[in-house]
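Encoded as structure tokens, the structure appears first; notes follow it.
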Amino acid sequence: MSVKVAKPTAQEAKSNPREFSIYTLLDKNNDSIFEVQALQDAAKQYGSKNPTVKEGNLKYSQLVDLLVKPGEPCEGKGDCLSWAAQDDSGQMAPWKLTRRQPGPEDIFLQVVYCGVCHSDLHQLKNEWGNTSYPLVPGHEIAGIVCDMGKNVTGWRLGDKVGVGCFIDACRNCHACEIKDDNYCPGCVLTYNSKDKEGNPTHGGYSTHMIVDHRYCLRIPDNLQFDSVAPLLCAGITTYSPLMHYAMNKPGFKLGVVGLGGLGHMAVKFGKAMGLEVTVISTSDHKKQEALEVLKADHFLISKNEKEMQAHAKSLNGIIDTVSAAHEMVPLLGLLDLNGKIVCVGVPPEPMSVPAFPLLAGRLSIGGSMIGGIKETQEMLDFCGKHNVVCKCEIIPMQYINTALERLVKNDVKYRFVIDVQNSVLLPPQ
Ligand SMILES: [Zn+2]
Ligand SMILES: [Zn+2]
């Protein structure tokens, strides 16, 4: 029992982007033929009615009618419904804003999923002192292409698209030239930044976005879509240092400090690259998970001096993901000759490091911040090839304030991902 739905025109795709993206994701064989039961279930899940779907043909507008769901009234004016914080309480609530019209180089994307990053939390509460409100966070975005400008080539309506931590850069500086555009001083961040016209940027806790195609990423089709979003920040933040610091050769002995959103991705990449991975954590409560689920090879408790000493000089390199204050000396002790430790977390205070262990082992300490667009694409392709995705807890937008409280306590495995498409709806006109 199947239903053949007439394929939408570009105009229809654009005018109901949410329903178009649901249609695209349901249409797995790309033939616009659906099981009756699948449409019935989708109408129940995404729409507001519980209709009887009959086999036969359906106009695209009738499909839209099944999937449309009116939202709730909210503050603000504009064509894009978001969830925003209005002040440093960080409390999120629905807010409408206006996105720019797509220009010739732009992609219009319907946001389907958006990951919740620790930096969202810091900026919501103005903990870095630079937040302008209203703030719409979200820089781990997985969406569907619903429209594009006339100069955009190589993309099609319905393609899966990712947007990460930044959406533009100067395109002229040394960093941009060598494709490390994440280090460009003119980098335009996805939210809490200003675009080249001086307008505030707003992130993925919103129905849709307009992004220059040069800063859009292709998402491999085989990856589970809801678990892809965090790759755009947590993924690239750990992949990039593994590549840049040449810690990606099979057999390399890698330590991963901290097993949160970033750390668990470092373990997954390490295993996919054929490394020998040791997780270093403050307590043993993540031990079973690290060894049995994430398949790490070893697990060390940093507070257990005996154990740390028994593993002295056992590692070639370390990715340190911890953002809380912590001792560096015990970690340096784990490194073999020429070892390196790369920080991707930002503790609030400067770290204190004695020189002698650095000299004695010819050790180096480095840092790394996100990754460039070119490398992010390489990371996504690597994930497609090795089926690497983030381990996520999917939540509706309405749960975000609770999720943020839980994030403060690190009570998540390992990333919250907001089901934007299914829970952020345009309000009634
Ligand atoms: Zn992030
Ligand atoms: Zn630049």
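We count ligands from 1, going down the list as the structure has it; atoms in each ligand are counted the same way. In this chain, residues are counted from 1 in sequence order.
The SG atom of C170, the Zn ion (ligand 2) and the SG atom of C176 define an angle of 120° (nearest 10 degrees).
Contact annotation: H174 places no N, O or S atom under 2.8 Å from the Zn ion (ligand 2). The nearest N, O or S atom of H139 is closer to the Zn ion (ligand 1) than 2.8 Å. Among the backbone and side-chain atoms of C117, an N/O/S atom is found under 2.8 Å from the Zn ion (ligand 1). Taking 2.8 Å as the criterion, C173 counts as a coordinating residue of the Zn ion (ligand 2), since one of its N, O or S atoms falls below it.
For the pair K69 and Y46, the cation does not sit on the ring face, since its NZ or CZ is not both under 6.0 Å from the ring centre and inside 45° of the axis.
Distance alone, capped at 3.5 Å, places no donor-acceptor pair between the E105 side chain and the D212 backbone.
No option in C114, S21, P17 other than S21 meets the side chain to side chain contact (heavy atoms under 4.5 Å, CB included) test with Q421.
In this structure, the ring of H202 has its center no less than 6.0 angstrom from the ring center of W83.
Rounding to the nearest 0.5 Å places CD of E305 at 9.0 Å from CE of M308.
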